[in-house]
Amino acid sequence: MSSQRTEIPAEEIRRQQTICLRLRERFAAMPHAPLAMVDTYGCQQNEADSERLRGMLAEMGFGFTEDEAEADIVVVNTCAVREHAEMRVLGNVGALSHTKKANRDQIIVVCGCMAQAPGMAERIRRSYPYVDLVFGPQAMWRFPELLERRLAGRKRVFEVPDEPGSVAEGLPVCRKDGVKAWLSVMHGCNNFCTYCIVPYVRGRERSRRPEEVLEEAREIIAGGRRDITLLGQNVNSYGKDLDDPVDFADLLCMINDLPGDFVVRFMTSHPKDASEKLFRTMAECEKVARVIHLPFQAGNDRVLKAMNRGYTRDDYLKKVELARSLMPDLVLTSDIIVGFPGETEEEFEDTLSLLERVRFDALFTFIYSPRPGTPAARMDDPFTREQKQARFDRLLETQNRISAEKHREYIGRTLRVLTDGTGTGRSGFPETTARTDGGRLVRIPGELPLGVFLNVKITDSTTWALTGQPEDR
Ligand code: SAH
Ligand code: SF4
Ligand code: F3S
């Protein structure tokens with residue numbers, strides 16, 4: 001396996017840094033301080049990639065803005081997971097024709113998963129002539145080089161080779177302020193669920209070396225952040241491509257052993273690979289939050305098979321039972337797709353009954369969206385959008401009731417939370433927002449320092465949030 005794993009040599013990364021410095025000189029000659037806008041769509045993995053893109057831009061001397069009209073470079077980091085995500089991106093890229101008209105020197109970059117989706121680069125080439133540079137996730141580490149190439153020539157640059165991907169260490173990172181941090185532990189996906197575009201756009205699974213992950217975790221903790229989320233499309237595959245005999249549970253233990261007051265969580269776990277060792281490790285490691293995002297997608301075995309998920313309803317229920325027996329206070333969340341091609345009413349009822357049986361704390365629910373190039377997009381689908389929407393509404397109604405009931409069960413309990421934001425309560429007074437280790441939102445009346453762990457007593461709840469009072473006040 002390890003023979004297929006490509007690590008980008010350190011001198012290649014240094015070459016990119018040298019290009020950053022060259023570009024820095026070039027941009028410094030502009031009449032004003034150069035500004036960049038990075039617009040991110042999609043999942044946390046994309047957020048983490050954008051932190052790298054911002055890191056490279058900062059090395060090129062850019063400051064940052066949220067206003068595309070004043071940006072000298074706009075980088076749109078895109079998502080292709082559902083058609084809706086693509087339409088939003090294309091709408092916003094379309095609107096950039098106006099900012100480019102007002103500022104002919106503006107550089108427009110489209111990168112990320114959608115750039116790599118089948119046929120999309122061609123579409124951008126034809127329909128968005130003002131886009132300067134397009135590259136996919138596997139080419140991201142070469143952003144400085146690609147940008148320099150664009151600036152040197154009159155031709156637009158399209159870099160979307162179909163490649164399995166590599167591991168590039170040593171890229172600069174620029175995180176936004178806050179108490180949380182994303183930490184990618186692996187890239188790509190080998191699972192090829194039949195509905196999903198991710199394996200086509202993100203390449204094959206490859207893990208970062210544990211020492212690199214630990215080094216980044218140390219930096220994050222030293223920087224004062226308290227909430228680390230380890231990221232991978234299927235973190236349970238971590239380490240399979242490494243020479244060291246290390247798996248995801250081992251990695252969690254190593255992070256748990258780092259000094260400091262922090263909480264570590266992770267996503268996503270594929271149910272077929274979630275092991276007893278993982279659950280035991282979670283139960284034993286005091287800094288690992290007892291929360292697991294375990295997407296089941298559908299409650300019916302025929303549908304699960306057609307999705308190529310690799311587990312049955314019964315396998316899933318047994319895993320949940322095992323996890324809960326080891327962690328009685330486990331917070332469990334999941335993803336569901338409604339309206340997979342050919343899913344019947346009865347098959348959908350199996351999804352609903354699974355919901356009632358497991359009683360998830362929260363769900364991320366999606367209506368199936370055909371992704372060109374995936375097997376499911378070629379399957380027969382006799383059900384209408386309206387039928388799927390009606391099922392979706394029933395699903396939401398069921399889950400909202402369960403979430404509200406589960407939240408009510410918290411009333412009277414004392415929980416450890418991490419303060420992470422400020423807001424205004426319903427009565428108009430200031431409040432502090434916080435998250436439990438399990439990721440539940442807690443509103444606390446009054447202004448409190450951020451990034452602090454507190455014990456709060458839960459006094460009230462809604463479908464979406466809990467209200468609490470600090471214990472020691
Ligand atoms: N790697 C993660 C999921 C990444 S995509 C995992 O396997 O759990 C996030 C979620 O988007 C998926 O869990 C799935 O529920 C949903 N999704 C993916 N492709 C989809 C599609 N074509 N239509 C609708 N939802 C989709
Ligand atoms: Fe997509 Fe399946 Fe891979 Fe998740 S595990 S990214 S759903 S192919
Ligand atoms: Fe994430 Fe969207 Fe890509 S969900 S992996 S940004 S297709």
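As the structure is a prediction and not an experimental result, all values here were calculated from the model. Counting starts at 1 for both ligands and their atoms, following the listed order. Computed from heavy atoms alone, side chains included, the values below leave out hydrogens, waters and symmetry copies. We count residues from 1, following the sequence as given.
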Decide, yes or no, whether a salt bridge links [X] with [Y] under the criterion of side-chain N to carboxylate O below 4.0 Å.
X      : Y      : result
Asp247 : Lys277 : yes
Lys388 : Glu343 : no
Arg280 : Glu284 : no
Asp49  : Arg202 : yes
Lys319 : Asp273 : no

Check whether [Y] forms a cation-pi arrangement with [X] (NZ or CZ under 6.0 Å from the six-membered ring centre, at most 45° off the ring normal).
X      : Y      : answer
Arg123 : Tyr128 : no
Arg440 : Tyr410 : no
Arg371 : Tyr200 : no

Legend entry - Per-atom contacts of ligand 3 with Gln233, taking only distances under 4.0 Å to non-hydrogen atoms: 5 (S)
What does the contact table look like for ligand 1 (nitrogen or oxygen on each side, cut-off under 3.5 Å)?
from     : atom 1 : to     : atom 2 : distance (Å)
ligand 1 : 1 (N)  : Gln233 : O      : 2.9
ligand 1 : 1 (N)  : Gln233 : OE1    : 2.8
ligand 1 : 11 (O) : Arg82  : NH1    : 3.0
ligand 1 : 13 (O) : Gln297 : NE2    : 2.8
ligand 1 : 13 (O) : Asp335 : OD2    : 2.6
ligand 1 : 15 (O) : Gln297 : OE1    : 2.7
ligand 1 : 17 (N) : Arg82  : NH1    : 3.4
ligand 1 : 22 (N) : Tyr195 : O      : 3.0
ligand 1 : 22 (N) : Ser369 : O      : 2.8
ligand 1 : 23 (N) : Ser369 : N      : 2.9
ligand 1 : 25 (N) : Arg82  : NH1    : 3.3

Inset, instruction - Check whether the ring centres of Phe135 and Phe143 lie less than 6.0 Å apart, and answer yes or no. - result: yes
Legend entry - Beyond-backbone contact of Phe262 with Ile220, side-chain heavy atoms, under 4.5 angstrom: no
Inset, instruction - Using 2.8 Å as the cut-off, count the protein N, O or S atoms closer than that to atom 3 (Fe) of ligand 3. - result: 1
Inset, instruction - Please name the residue in the list Glu169, Glu47, Glu216 that meets the salt bridge (charged side-chain N to carboxylate O under 4.0 Å, His left out) test with Arg52. - result: Glu216
Legend entry - Amino acids contacting ligand 2, non-hydrogen cut-off under 4.0 Å: Cys189, Asn191, Phe192, Cys193, Tyr195, Cys196, Val198, Pro199, Gln233, His270, Arg309
Inset, instruction - Take the angle between the ring planes of Phe296 and Tyr316 and call it parallel below 30°, perpendicular above 60°, tilted in between. - result: tilted
For residues 320-333, which side-chain N or O atoms pair as donor and acceptor with protein atoms under 3.5 Å away, sequence neighbours left out?
from   : atom 1 : to     : atom 2 : distance (Å)
Arg324 : NH1    : Val358 : O      : 2.9
Arg324 : NH2    : Val358 : O      : 2.9
Arg324 : NH2    : Arg359 : O      : 3.4
Ser325 : OG     : Leu322 : O      : 2.7
Thr333 : OG1    : His293 : ND1    : 2.8

